[in-house]
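Working notes, structure below.
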Amino acid sequence: MNKPKKNIPVAAPDLTGNELKYLTECVKTGWISSNGKFVPLFEKEFAKFSGKKFGISTSNGTTALHLALLSTGIGKGDEVIVPALTFVATANAVLYTGAKPIFADSEISSWCLDPKEVEKKITKKTKAIIPVHLYGHPADMLEIMKIAKRYKLKIIEDAAEAHGAKIKEKPVGSFGDINCFSFFGNKTMTTGEGGMIVTDDENYVKTIKLLRDGGRDRSLNFYYHSVLGYNYAMTNMQAAVGVAQLERVDKFISRKREIARLYKEAFKNFPYLDVSPEINGFTSNYWMFSIILKPYAKLTRDELTKTLRSEGIETRPFFHLMNRMPYMHTDERFPVAEYLANNGINLPSGISLTKDDILRVAELIKSVLK
Ligand SMILES: *Cc1c(COP(=O)(O)O)cnc(C)c1O
């Protein structure tokens with residue numbers, strides 16, 4: 001009888017460092033809510049990691065984006081430009097504030113927001129742009145920052161997928177006025193659920209903390225709330241895991257990059273798909289190593305993912321375009337984003353993948369596509 005083949009997930013966290021030790025400390029000392037030593041420690045260390053002065057932890061990446069937008073005063077009547085192709089949180093956060101997300105197409109070279117398309121979408125109501133570093137490849141921040149300067153717009157980076165990605169040695173999540181990260185379970189580093197905002201501007205820090213902590217300035221009176229706030233705090237337990245993850249994040253990133261290198265080698269000169277890009281001068285963290293099926297490949301995307309699933313190999317289709325969601329529907333067309341969304345697949349990209357796993361995935365794909 002054949003040995004059953006090993007299941008290969010899309011991404012699984014590696015919690016084999018000091019995670020359990022620090023978590024145990026939280027439980028033993030009773031500091032399990034949002035007070036405790038790991039929260040400020042994680043904020044400080046993560047800010048350093050992203051090249052910013054201040055870190056403000058949040059309950060998840062979506063609440064980080066919501067707070068970032070609120071702290072700039074964006075709300076009803078304002079427009080915020082976001083990529084048509086992103087995870088839904090980017091656009092949802094804009095809607096939570098009462099502002100309107102305006103969608104823009106991607107560029108085929110980076111799969112991220114196309115600066116030329118952004119410029120076409122600017123109106124008198126535009127207040128901010130949220131570039132997303134899709135699947136870990138940096139958006140063209142150099143061009144986007146120029147546009148922001150020219151039109152006096154705020155930049156809120158959605159770096160949820162791009163811990164450690166860089167543009168010419170400068171980490172993403174350090175270009176924008178305010179920058180947001182996620183630590184969801186499948187992200188490059190995780191706290192289970194969790195998020196972080198990093199910035200150099202102390203005024204944002206004050207506003208964001210006030211709004212995060214229920215509208216109460218923690219240094220002042222109990223039960224006195226000066227503004228309508230939220231409860232978006234990270235727990236000490238999440239932060240404990242975060243501190244442990246941060247100790248090894250450089251290893252996680254280099255492993256992701258090695259996985260991408262192995263896939264790229266395996267798919268070299270294979271004409272039925274394109275692979276995750278990496279533009280010269282840009283460093284991807286390859287959060288999700290991905291392929292785009294060519295129209296002349298022998299199987300459709302659904303057929304390919306079904307075949308892979310039957311062999312125990314998990315994949316994900318690319319995100320749906322934002323304007324296809326019923327509550328933010330528009331009839332606009334985004335040719336590049338549409339092409340990517342319709343033909344893109346995230347392959348297994350977790351750091352525990354072995355070289356044999358990667359070759360098994362790549363060889364199977366190659367054998368069924370040609
Ligand atoms: C993961 C992610 C977020 C935040 O997600 P949470 O699950 O709320 O942490 C935001 N934007 C993008 C692009 C993401 O991939």
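Counting starts at 1 for both ligands and their atoms, following the listed order.
Regarding atom 9 (O) of ligand 1, its nearest protein heavy-atom neighbour is S182 OG, 2.6 Å. Shortest contact from atom 11 (N) of ligand 1 to any protein heavy atom: D158 OD2, 2.8 Å. Atom 3 (C) of ligand 1 has as its closest protein heavy atom A160 CB, 3.5 Å. For atom 14 (C) of ligand 1, the closest non-hydrogen atom on the protein side is K187 NZ, 3.3 Å.
Counting only heavy atoms from C-beta outward, the side chains of Q245 and E19 approach each other to under 4.5 Å. In this structure, the side chains of D250 and F49 come closer than 4.5 Å at one or more pairs of heavy atoms.
The residues E43 and R212 are annotated as salt-bridged, a charged nitrogen and a carboxylate oxygen being separated by less than 4.0 angstrom.
Of all atoms in ligand 1, listed by their number and element, those nearer than 4.0 Å to a heavy atom of N60 are 8 (O), 9 (O). Against a heavy-atom cut-off of under 4.0 Å, E161 is close to the following atoms of ligand 1: 12 (C), 13 (C), 14 (C), 15 (O).
Looking at T86, N92, T90 one by one, the single match for side chain to side chain contact (heavy atoms under 4.5 Å, CB included) with V88 turns out to be N92.
In this structure, Y272 and Y296 have perpendicular ring planes: the angle between them is above 60°, well past the 30° mark. Ring geometry for F289 versus F267: interplanar angle under 30°, hence parallel rather than tilted (30 to 60°).
Below 3.5 Å of separation, one finds no N or O of E193 facing any N or O of ligand 1. By the 3.5 Å distance cut-off applied to N or O atoms, T62 is counted among the residues near ligand 1.
Between the side chains of T16 and D14, at least one donor N or O sits under 3.5 Å from an acceptor N or O.
At most 12 non-hydrogen atoms from other residues, nucleotides or ligands lie less than 6.0 angstrom from NZ of K100.
Around atom 6 (P) of ligand 1, the closest heavy atom drawn from G61, A89, S59 belongs to G61.
Contacts between V132 and ligand 1, counted as non-hydrogen atom pairs separated by less than 4.0 Å, involve the side chain only. Using a 4.0 Å cut-off between heavy atoms, T86 contacts ligand 1 through its side chain alone, with no backbone atom that close.
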